[in-house]
Novice: 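Below are the structure tokens for one structure; questions will follow.
Quick note: numbers below take in every heavy atom, side chains included, and nothing from hydrogens, waters or symmetry partners.
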Amino acid sequence: MSTDDLWQQLQSGHKTFDITVYPGDGDTQGVPYVLLEDIQDHFPDAANFMCGRRLVSYMRDANKNRLMPLRFAHLPGMAITFSTSKSGVPQESAPLSPPLSYSKDNQEKVIEKALKRLAVIQGRVEAILTQTYELHEYPIPRLFIVLPKKPSNWDPVNILNNQFRLHFLCECGEHTRALDDKSSKIQHHIHVSKHDGYDLQRPKEFFQKYGRYILTLLEMIKYGVTIAGIVIPALAAVSAHGANDRLKGPLKAISEADVNQAIEYLQCITDKDSDDLIKDNQAESFAGLKALEGAGLRHLEAFIKSKDNHRVLGNLYRIISHDGHVKWICIDHFRSTYQQNEQQAFADIVGVNGGSYDPRLGEVVINLESKFGVAQLYGALAKAKCVDELDITFSWKFSTSDLQEFEGALKESRISILRLDLRRFQTSHDSKLFSESTRYEILSRIIEHPNMKIIHMVLQMTSPSHLRKLSFELRPDSIGRNELELLAEALKTSSTLTTLTLETHFDVSNSIGDEGAQVLSEALKTNSTLTTLKLGGSSIGENGAVVLSEALKTNSTLTTLNLWSNSTGENGAVALSEALKTNSALTTLNLRSNSIRNNGAVSLSEALKTNSALTALYLGTNSIGGNGAVALFEALKTNSTLTTLNLWSNSIKENGAVALSEALKINSALATLDLGCNSIREKGAVALSEALKINSTLTTLNLWSNSTGENGAVALSEALKTNSALTILHLGGNLIKDNGAVALSEALKTNSTLTTLYLSGNLIRENGAVALSEALKINSTLTTLNLLNNSIKEKGAVVFKTSKCITTF
């Protein structure tokens, strides 16, 4: 298409056509448009005009009246689809051509607008590609796209029903080209890794979390970029007829149609609430986009772990570039960057010294049992360009001089994560040059080395013979207002602190109060590194919870918040619930012992219906009661991310358990549930047993001290005969007696998933014990059986002696 022509693409079924676009005027505020009558000249019964999943609206004037004749806003780069009762091609009598009145000035304005949109995309891509991470912040590859799982089965009508796979991208570029063998023909363009990808079971939820990030990367692949030494040719150039094979290179496996389908799906998600099609939706969809941060990577890591048992991470390898930036690259670029012969030679040296080398993670784990070969190993470490992590144990009695040699090797190496075991260290006896203090000077220099990001050391001290016990304790004083303000100021600018613990422990009191919470909340609004904040027993009260909730509305990095025993009350829980509706980073929230009661639980239930980040919620001892529990369990019917829920001692009783059972029949996310001390009794246990016959995700269930009785145990036993998910069941303190134990023993004969069963304090006697022992002769999966505080005498205990299961009496 030349710059003298402008067309709108139309699509009906599998056929596409171009139709005239008219220049904008005063009525359309300068926006070019397509006339409905032009379309109907060729397709008289054309109807249901859509762009993706969005209905295309007719243009209106300032008074919201439809402009006549009816018209649609021009959508550059997108197709307007429509349905018709007849199939065919446009009539030849009225050729589709641009009007003579379409001025060149208006054409240039439209082209300029399209170029501006591409500039927006370029800026967003640059923000992502130039973002840098420390090694410990980068546990998995950060560049990924999502493509249709089966492109041939793509459903253009029901777009949101299509299935997708996640594919990681190889981050090659100038950093790999610079070290490549000059004779190599390998291209250094970002490309999809050589891996089948990871299925997305719930693509809509995944896209709602990462959609805008993925959309940016898909646009990057589609249009191409050249940024900071990274080159990606546009797909159109790669797939064009006659394109140079070297240009096609690693991108030839990507279909432009696949990318367009994924973009279409994402636009349906990001723009589904917008019906203003006059605006440039594609540019608007990038509003507020941020590069993927630590919290987002950790959520993604949890998803990948569930899909990637062998931890292959898309067959990518982690490296650190010459400028210190972490990159994940494919095996071809890894081999070209770090010569394969060098890799094998280094692995051989590590192996000779009894260690292991993982090139995928750049990690060495080694236990040095003698000084033999150490010099060669140190030399190899100093030269290795591909080793970032070292876990080393010195298992011989080495001296300060040995430690100095090790320090020298570290200075020359690229090690940034060090785990060092020095328990076998001994002071040199043959030289007065080395003293005990010298050792610590060396360790201090290692700690201060600029390359080091994470260090873990294991030391051992020999106490004098006359001492029976020697202890050291580092304990902070109570933190007052002045100290807290200094800490908060440091927190605002800190780029390294990830965990802050200010909890009350034993005789150390950190009652920071609501004023202290206010100071911390202000720091949290700007801090971008803290991931864990523990304020248990800090007396922040209702007001403290309210101000912290305001911080959570803007903070995007905090993943764990511990507020146990803070008297936040109902209002504090309500405020935190409001924050959870918008917060997308927090994964763990502990509100144990805060008297949130029924109203607090109801508010949290509303938050759980929309929140898609929280995975663990601890609400033990909060007087929630039956009604509050019913509300929470109603939320579980739609929530798909919460995996751990603790409701210990909340008096949910029978009705709460019945409501829970209905939720568990639908919920497919919850894996751990603690209902100890809730008086669910027999009726509640029976209801839960019905849910366990259907539920396939719950793995841990605690029903300690619930007065389920014998009949409750019998019902649960029936469920265990068919349930194939539960691995841990706690039934202690339920008075199930021998009848309950016998019923459970029958279930154990067929159940093949339960590994741990707690039956302490149940008045089980010899008959119950014998029945359980007989079951263990057949069952091969139960590894732990707790029978403490039962009436099992010596005769009953004898029958377990031959069992492989660890049984406690």
Side-chain angles (χ1 to χ4, degrees), residues 644 646 648 657 664 670-678 680-682 684-693 695-793 796-809:
T644 299
N646 186 313
W648 175 276
L664 289 178
L670 202 67
T672 300
L673 179 60
D674 192 334
L675 294 178
C677 293
N678 269 293
I680 70 170
R681 302 186 184 279
E682 178 184 321
V686 170
L688 287 174
S689 69
E690 291 302 311
L692 289 176
K693 293 176 182 177
N695 182 281
S696 60
T697 54
L698 196 70
T699 58
T700 300
L701 177 60
N702 186 352
L703 295 178
W704 188 85
S705 190
N706 266 291
S707 303
T708 63
E710 299 171 74
N711 292 337
V714 170
L716 290 167
S717 301
E718 288 301 311
L720 288 177
K721 291 178 180 178
T722 56
N723 180 282
S724 60
L726 205 66
T727 58
I728 299 174
L729 178 60
H730 200 320
L731 288 177
N734 274 294
L735 303 179
I736 70 170
K737 302 183 180 179
D738 278 350
N739 288 342
V742 170
L744 286 168
S745 69
E746 290 301 313
L748 290 176
K749 291 177 181 178
T750 56
N751 181 283
S752 60
T753 54
L754 201 69
T755 60
T756 303
L757 179 59
Y758 293 93
L759 297 177
S760 59
N762 270 299
L763 296 181
I764 298 173
R765 301 180 183 277
E766 290 181 8
N767 289 342
V770 170
L772 288 168
S773 69
E774 290 299 315
L776 292 181
K777 294 177 181 178
I778 301 172
N779 182 288
S780 60
T781 54
L782 196 73
T783 57
T784 302
L785 176 61
N786 189 314
L787 292 172
L788 279 171
N789 300 321
N790 280 290
S791 302
I792 302 173
K793 298 179 181 179
V798 169
V799 296
F800 289 96
K801 285 188 175 180
T802 58
S803 173
K804 295 180 180 179
C805 176
I806 300 174
T807 307
T808 307
F809 297 98

Novice: Closest approach of Gly740 and Ala713, non-hydrogen atoms and distance?
Specialist: CA-CB, 3.8 Å
Novice: Just wondering, do Leu754 and Leu729 contact through their side chains at under 4.5 Å, heavy atoms?
Specialist: yes
Novice: What are the two closest heavy atoms between Ser752 and Thr781, and how far apart are they?
Specialist: O-CG2, 3.1 Å
Novice: Holding to side chain to side chain contact (heavy atoms under 4.5 Å, CB included), I want the full list of residues that pass it with Thr753, two or more places apart in sequence or in another chain.
Specialist: Ser724, Asn751
Novice: Over all heavy atoms of both residues, which pair between Gly712 and Ala685 is shortest? Give the atoms and the distance, please.
Specialist: CA-CB, 3.8 Å
Novice: Does Asn734 have any side chain to side chain contact (heavy atoms under 4.5 Å, CB included) partners at least two apart in sequence or in another chain, and if so, which?
Specialist: Asn706, Thr708, Leu731, Ile736, Asn762
Novice: How would you list all residue pairs meeting salt bridge (Lys or Arg N to Asp or Glu O under 4.0 Å) that involve residues 696-719, not counting sequence neighbours?
Specialist: Glu718-Lys721
Novice: Taking side chain to side chain contact (heavy atoms under 4.5 Å, CB included) as the test, write out the residues that go with Asn723, two or more places apart.
Specialist: Leu692, Ala725, Leu726
Novice: With sequence neighbours left out, what residues match Thr644 under side chain to side chain contact (heavy atoms under 4.5 Å, CB included)?
Specialist: Ala616, Tyr618, Thr672
Novice: Considering non-hydrogen atoms only, spot the tightest contact between Ala719 and Ser689 and give its length.
Specialist: CB-O, 3.3 Å
Novice: Below 4.5 Å, heavy atoms only, C-beta onward: do Leu744 and Leu720 meet side chain to side chain?
Specialist: yes
Novice: Donor-acceptor pair, Thr727 side chain versus Thr699 backbone, under 3.5 Å?
Specialist: yes
Novice: Taking the six-membered ring for Trp, are Trp648 and Trp704 parallel (under 30°), tilted (30 to 60°) or perpendicular (over 60°)?
Specialist: parallel
Novice: Per the salt bridge (Lys or Arg N to Asp or Glu O under 4.0 Å) rule, what does the pair list look like for residues 751-762, sequence neighbours excluded?
Specialist: none
